[in-house]
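Every chain is numbered from 1 and lettered A, B, ... according to where its sequence line falls, protein lines coming before strand lines.
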Amino acid sequence: MSILKVKGVNKRFGGLLALDDVNLSVRENTFHAIIGPNGAGKSTLLNCFIGKLMPDSGTVSFNDRSLLGLEPHEINQTGISRVFQTPEVFSELSILENVMIPAFAHRDGAFHISPFKSLAKETAIREQAEKILQDVGLIDERHHTASAMSRGNKRRLEMAMCLVQQPKLLLLDEPTAGMARADTNNTIDLLKTINEAHNITFVVIEHDMHVVFSLADRISVLSQGHVIVEDHPENIKGHPKVQEAYLGTAESE
Amino acid sequence: MLKTLRTNDTALMILFTLVVLAGPLILAPVGAGYPDLMQRFVIYGIFAIGFNILFGLTGYLSFGHAAFLGVGSYSALWMLKLLSINIVPAIIFAVVVSGLFALLIGFVSLRRSGIYFSILTLAFAQMSYNLAYSVLTPITNGETGLQLDLEDPRILDSAGSAGQVASPSFFGLEMGDTAVVPFLGMDLQFNVGFYVSALILIGMFYLSLRIFRSPFGMILRAVKSNQTRLNYTGFNSRPYTLTAFVISGMYAGLAGALLVCMDPLAGAERMQWTASGEVVLMTIMGGAGTLIGPVLGAGIIKYFENIFSRINDEVVLGWFSALPDWLAEAFTTVISPFLGSGWHISLGLIFMLVVIFLPGGLVEGANRLMNLFTRLSGPRKNTASEEDAYADKGSLPTKAAPSSTVVNTKES
């Protein structure tokens, strides 16, 4: 049963056809990676999922509901959380607050005001947030402000912020970009644990083949705005079309 | 841990209440203990607290809040003229009208952020000011300003006031009434208007405390921190900022209403951009985003405006009367440009010093002093408050820091 369906999506930037009739179907509870050489259109495609870009034609639907034209908060409220390429957190707030905020969004919806309710009395939300922080290993520093964290820990925090919302679909935009090897491996482990512990569908955009082949159940290869292959990881590695796409760019570099 | 937070807040609330209620006693020794000025301290304190809910929490810098002050003043005065000399309906009406006005202006201005938002609010406020000055003269009485009149209809209580212009009252207690009590050679002036405003200030401070400590307040701080992230987190940030804008507009309207209750005269200059800028200065000087900072800033700026501006050359010469004449005159020549009509210079200098060395305002300064003091006086007690833990975060390598910060680190 596919949860995210992309049909015939085209996106043109001036003379460049960034996405050329992209079709994609992500099955529920899979770890789906989208790979491809630089400039293949991966980020453009992701931006079409999250309402940042509007495709020129085609449809993007999540659980049979169209995502096109929705605001970012509406897309989140349908059950899609995303992790940014550079970790985006609320730097001035404490780590615990960073996780409590998405928990409130999940419980109360996009707009809900109770100005006289004390934050200290929101024990359910607090416990929920603390449990997730325990899971990602940040519980001890929960009262520190987020600004002082390392990049790897910010990534953990971002994961916690997504997980606390119990999303159906988690979008990861190059989760290990710019990370040292050790941090990359930590992130892989973290993602593995999350994948095993929660019923979440993952869509990952990634450069790093090591990450992709350690995690993905299914891989779509994007080249020049087009999905050239979609298959299991073991079939992707030796696929002639994939090699062509990657070697082609390797030569020109 | 949670208990600590609550006790701290209770302590803060009690301390604040006591200090405000003891106003006449505290202000008399520094020459500011007369009703007119004390009322202004309190009223501008309310104005700044409200401004801080918008600016301190969401980071949206409005340069047009004086418009709401003016709208509050005009609507309250009309209520005093048309309905009753009692201040209660006037205040309620002013808060409602300024809230609606803020809803309108906020709805348009909040479509932009940063400098564009500031400019939009500034434009709206200047527009309101010019309208009040010219086109809307039938409502605002233009240059002369709106004031109470012998012919005011006052549907509810016109009978009781034949022959003289009534003065605003709270169920018979006139705002201007003052009891003068001699105390240690000073005259303490206990004024009805001051105490009415003071009670409202305490209530408004409590309201702002509750907002700061609520999930709503946390979301507003998240707006300031990273609005894009907040939207991707599933919150529609626009209605949150609009609510904060309307609340702060209502605070300003309340302050405007109180101004005319104390002195029933409303002029358009109350809406001018300098007045909008003043509340920005108050908030930043005291400490934006802190609870007590804006009140502190309001007090200091009003003190400068009213007390420093009165110190003339003779007074300064008086200070140095013990010195030889030539030396006293030399000192006077150096100091006097900063006093009297030059009070803006000293205010500007102080403001620059605060912004450069204490970006968190005077509250940050007070916190630093307190930290220094607690560090010097040996081991910390349990009562060591939030600020301690905040400062410790950067410096303590061990986990020994009492994590009494709970969910908040900035306020005090």
Which atoms of A/Gln165 approach chain B - backbone, side chain, both or neither, heavy atom under 4.5 Å:
side chain
If you measure from CZ on B/Phe235 to CG on A/Asp108, what distance do you get to the nearest 0.5 Å?
6.5 Å
Over 12 foreign heavy atoms within 6.0 Å of CZ, A/Arg27:
no
Pick one of side chain, backbone, both or neither for A/Ile80, based on which atoms fall under 4.5 Å of a heavy atom in chain B.
neither
A/Ile95, A/Asn98, A/Asn76: which one forms the most heavy-atom pairs within less than 4.5 Å of chain B?
A/Asn76
Spatial distance of atom CZ (B/Arg221) from atom CD1 (A/Ile101) [nearest 0.5 Å]
7.5 Å
Could you check which of B/Thr243, B/Ile219, B/Ile211, B/Asn236 has the highest count of heavy-atom pairs closer than 4.5 Å to chain A?
B/Asn236
Would the number of heavy atoms belonging to other residues, nucleotides or ligands and lying under 6.0 Å from CZ of A/Phe13 be above 12?
yes
Taking side-chain contact (heavy atoms from CB on, under 4.5 Å) as the test, write out the residues that go with A/Gln134, two or more places apart.
A/Ile139
Looking at B/Tyr240 and A/Ile113, what are the two nearest heavy atoms and their distance?
CE2-CG1, 3.9 Å
Please list, in residue-number order, every residue in residues 225-233 of chain B that has a heavy atom less than 4.5 Å from any heavy atom of chain A; write 'none' if there are none.
B/Ser225, B/Asn226, B/Arg229, B/Leu230, B/Asn231, B/Tyr232, B/Thr233
Residue among A/Ala146, A/Ala110, A/Ala105 with most heavy-atom pairs under 4.5 Å to chain B:
A/Ala110
When heavy-atom pairs shorter than 4.5 Å are enumerated against chain B, which of A/Glu74, A/Gln77, A/Arg82 gives the highest number?
A/Arg82
Check whether more than 12 heavy atoms from other residues, nucleotides or ligands sit under 6.0 Å from atom CD1 of B/Ile356, and answer yes or no.
yes
At their closest point, which heavy atom of B/Pro215 faces which heavy atom of A/Glu122, and how far apart are they?
CG-OE2, 3.7 Å
Side-chain contact test, heavy atoms from C-beta onward, threshold under 4.5 Å: evaluate it for A/Glu92 versus B/Lys224 and give yes or no.
no
